[in-house]
2 protein chains.
Amino acid sequence: MTRPQSLHQSILGEIEDKILSGAWPPGHRIPSEHELTAHYGVSRMTVNKVLTQLAAGGLIERRRRAGSFVSRPLTQSAVLDIRDIRTEVAALGLPYRYEVTVRRRRRAAGADRALIDLQAGAPVLELGCVHFAGARPFCREERLISLDAVPEAAEERFDEVAPGAWLVGRVPWTSAEHRIRAVGADRDAAALFSMAEGAACLAVERRTWSAERPVTFVRLTYPGDAHELVARFAPTQG
Amino acid sequence: MTRPQSLHQSILGEIEDKILSGAWPPGHRIPSEHELTAHYGVSRMTVNKVLTQLAAGGLIERRRRAGSFVSRPLTQSAVLDIRDIRTEVAALGLPYRYEVTVRRRRRAAGADRALIDLQAGAPVLELGCVHFAGARPFCREERLISLDAVPEAAEERFDEVAPGAWLVGRVPWTSAEHRIRAVGADRDAAALFSMAEGAACLAVERRTWSAERPVTFVRLTYPGDAHELVARFAPTQG
DNA sequence: TCGAACATTATGTCTATACAATAACGAACG
DNA sequence: CGTTCGTTATTGTATAGACATAATGTTCGA
């Protein structure tokens, strides 16, 4: 359990404890790097590393000449883990399977451009999928892929690998924006999930860019309260 | 625009660009600290700072003796900003108001202990609130506060400050877990939001601990698709 | 051929020192 | 009394050197 920690880790832990326990309340001025250096008998660089890390985590704020202060939590920002659907299903201990229901190549129309920031007439691939957990449909996927950004997608059948996983393996690295809403099931979703039209569904919309260029838009619709997203907030991730 | 950056910031930017543009694809081994040291003409500590930061952001993975590698994005973890409800309403440009509808002090029963990890019979304060944006109800709040953790809450009327804001100002620093689901409106919510029973609502449940002790449980229910949560993911925060 | 011992290499951590940038403080001055 | 200006405490950044640690390759021996 108590594995040998590095110096700055144990110092980090100590200071964190002081803040989390309330011994050092929000607004409290914590000792200067110089004082901490003396207190712990370490070099200033080590102390600096700790405080820099605490500041990055939002636990303290630092001002030159003034000192470092325990920050008051204004916006609790939590880390949301967006996992691959296959992984999600596997976590339930159910066999995973998916079907491609729609695969259409076309040029971006007005409606598309509202979803993802594309040039008019840019070639896009429209995809529809259903993901299954065991025998039951788990999630509906509606996706647009910019063929300007990912031309290889035009040739891909997506029989073997789902579009999400395919893109992750192909497109280098991305920034993304997620929007999470509750929506009533449309006729399609109601039939798919065997639920009443208008019943509650969780909709996760994700827009993805790579090197400033739009890559893909996807809307994942999960039935009712059978699915939930979990986000955790902890001062230091670990 | 191009303000004078520090050395490690500009190096960070360069490497990030290489990864995001795809020049260094996932799995690619990036130059060793020693090589980067030579390439940029800086000390190893500076390079180390950059790579450590990239690793913390999840953009690269580091293995002793083997080197540093561009990681393949498996779980895209996004940062979800959980704001104060008052702030959310203010962002809409609407006047904010709230009402306390329920305020009951009692001992934790079985149902409560399923929500928040309390001892049997521990004193809790049960609260119900409705938050308004303009004239329309914006959000329903159901809350349990552990009076062991926050005894002062027993005396507080919550006339002036909503429970969420009150707690943030009082309880030092917390870790929290958020669960986000879509639920059908119960009779109460349907009446409140003037919607059909069973219509889609977004439910955000938050459990909060301070110094390992449970502090509060809150369930926020937002009407239908009138509300959405936004989470962003970017390699380096900034 | 297989496994154990060893060498090598890259990361991980820490120190001591240095100078720069910033902003709070206090003293001098109008 | 208020403003300006220099002083100084504190953080921010960077360097060079050192040793620790881990894991990969390599060599040698059974």
Side-chain angles (χ1 to χ4, degrees), chain A residues 1-16 18-19 24 26-72 235-238, chain B residues 1-16 18-19 24 26-72 235-238:
Chain A
M1 285 293 115
T2 64
R3 65 154 164 274
Q5 295 183 333
S6 62
L7 255 179
H8 65 262
Q9 268 179 14
S10 55
I11 296 177
L12 180 83
E14 266 192 53
I15 297 182
E16 225 173 61
K18 288 226 174 62
I19 296 176
W24 289 354
H28 179 260
R29 181 186 159 164
I30 79 178
S32 72
E33 295 190 352
H34 187 71
E35 290 169 297
L36 289 172
T37 284
H39 183 278
Y40 288 107
V42 297
S43 80
R44 204 192 130 211
M45 278 300 286
T46 304
V47 167
N48 181 276
K49 187 169 194 169
V50 170
L51 296 187
T52 301
Q53 212 169 318
L54 283 169
L59 216 59
I60 67 172
E61 280 159 26
R62 317 197 69 195
R63 292 209 317 275
R64 279 179 152 127
R65 165 71 219 240
S68 303
F69 303 84
V70 178
S71 57
R72 45 201 84 230
T236 319
Q237 49 277 45
Chain B
M1 282 294 115
T2 64
R3 62 153 165 275
Q5 295 184 332
S6 62
L7 255 179
H8 65 261
Q9 268 179 14
S10 55
I11 296 178
L12 180 83
E14 269 193 49
I15 296 182
E16 226 173 63
K18 288 223 172 65
I19 295 176
W24 290 354
H28 180 260
R29 180 186 159 163
I30 78 176
S32 71
E33 296 190 353
H34 186 71
E35 290 169 297
L36 289 172
T37 284
H39 182 277
Y40 288 108
V42 299
S43 80
R44 204 190 128 211
M45 279 300 286
T46 305
V47 168
N48 181 274
K49 187 169 193 169
V50 170
L51 296 187
T52 301
Q53 213 168 319
L54 284 169
L59 216 59
I60 67 172
E61 280 160 26
R62 317 196 69 195
R63 293 208 317 273
R64 279 184 156 127
R65 163 71 218 239
S68 303
F69 302 84
V70 178
S71 58
R72 44 201 85 231
T236 318
Q237 48 277 47

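Values below: every heavy atom of this structure, side chains too, minus hydrogens, waters and symmetry copies. Every chain is numbered from 1, with letters handed out A, B, ... down the list of sequences.
Using a distance-only test at 3.5 Å, with no hydrogens or angles considered, a donor-acceptor pair links the side chain of B:Glu35 to the main chain of B:Ser32.
Straight-line distance from the CD atom of A:Gln5 to the C1' atom of C:dC14: 16 Å, rounded to whole Å. Atom P of nucleotide C:dT13 and atom CD of B:Glu33 are separated by 11 Å, given to the nearest angstrom. A straight line from CG of B:Leu36 to P of C:dA10 spans 12 Å, rounded to a whole angstrom. Nucleotide C:dT13 holds its P atom 13 Å from the CD1 atom of A:Ile11, rounded to whole Å. In this structure, B:Ile60 places its CD1 atom 15 Å from P of C:dA10, rounding to the nearest Å.
Applying side chain to side chain contact (heavy atoms under 4.5 Å, CB included) to B:Val42 and the options B:Leu7, B:Leu36, B:Val50 leaves one that passes, B:Leu7.
Pairs of residues two or more places apart, or lying in two chains, that qualify as ring pair (Phe, Tyr, Trp, His ring centres under 6.0 Å) and include a residue from residues 28-48 of chain A are A:Trp24-A:His28.
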For this session: Treat primed atoms plus P, OP1 and OP2 as sugar-phosphate and everything else as base, then score nucleotides 16-24 of chain C 5' to 3': B for base contact with protein heavy atoms under 4.0 Å, S for sugar-phosphate contact only, - for none.
Result: B-B--BBBB

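A residue-by-residue look at B:Asn48 and B:Glu35 shows that B:Glu35 has its nearest nucleotide of DNA chain C further toward the 5' end. Where B:Pro31 and A:His8 meet DNA chain C, the nucleotide closest to each residue was compared, and B:Pro31 sits on the side nearer the 5' end.
Using a 4.0 Å heavy-atom distance criterion, A:Ser68 is classed as a sugar-phosphate-only contact.
Here the range on DNA chain D touched by chain B, meaning any atom under 4.0 Å from one of its heavy atoms, is D:dT13 to D:dT24.
Nearest heavy-atom pair across B:Arg62 and B:Ser68 is NE-OG, 3.0 Å. Across all non-hydrogen atoms, the minimal contact from A:Val47 to A:Glu33 is CG1-CA, 3.8 Å.
For A:Glu61, the side-chain contact (heavy atoms from CB on, under 4.5 Å) partners are A:Ser71, not counting sequence neighbours. When the salt bridge (charged side-chain N to carboxylate O under 4.0 Å, His left out) test is applied to B:Arg63, no partner is found at least two apart in sequence or on another chain. Shown here are the side-chain contact (heavy atoms from CB on, under 4.5 Å) partners of B:Ser10, two or more places apart in sequence or in another chain: B:Gln5.
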Exercise. Given the rule in the side chain to side chain contact (heavy atoms under 4.5 Å, CB included) test, do B:Leu51 and B:Ile30 qualify, once you have shown the distances and angles that lead to the verdict?
Worked result: CA-CA 10 Å; B:Leu51 296 187; B:Ile30 78 176; 3.8 Å; yes

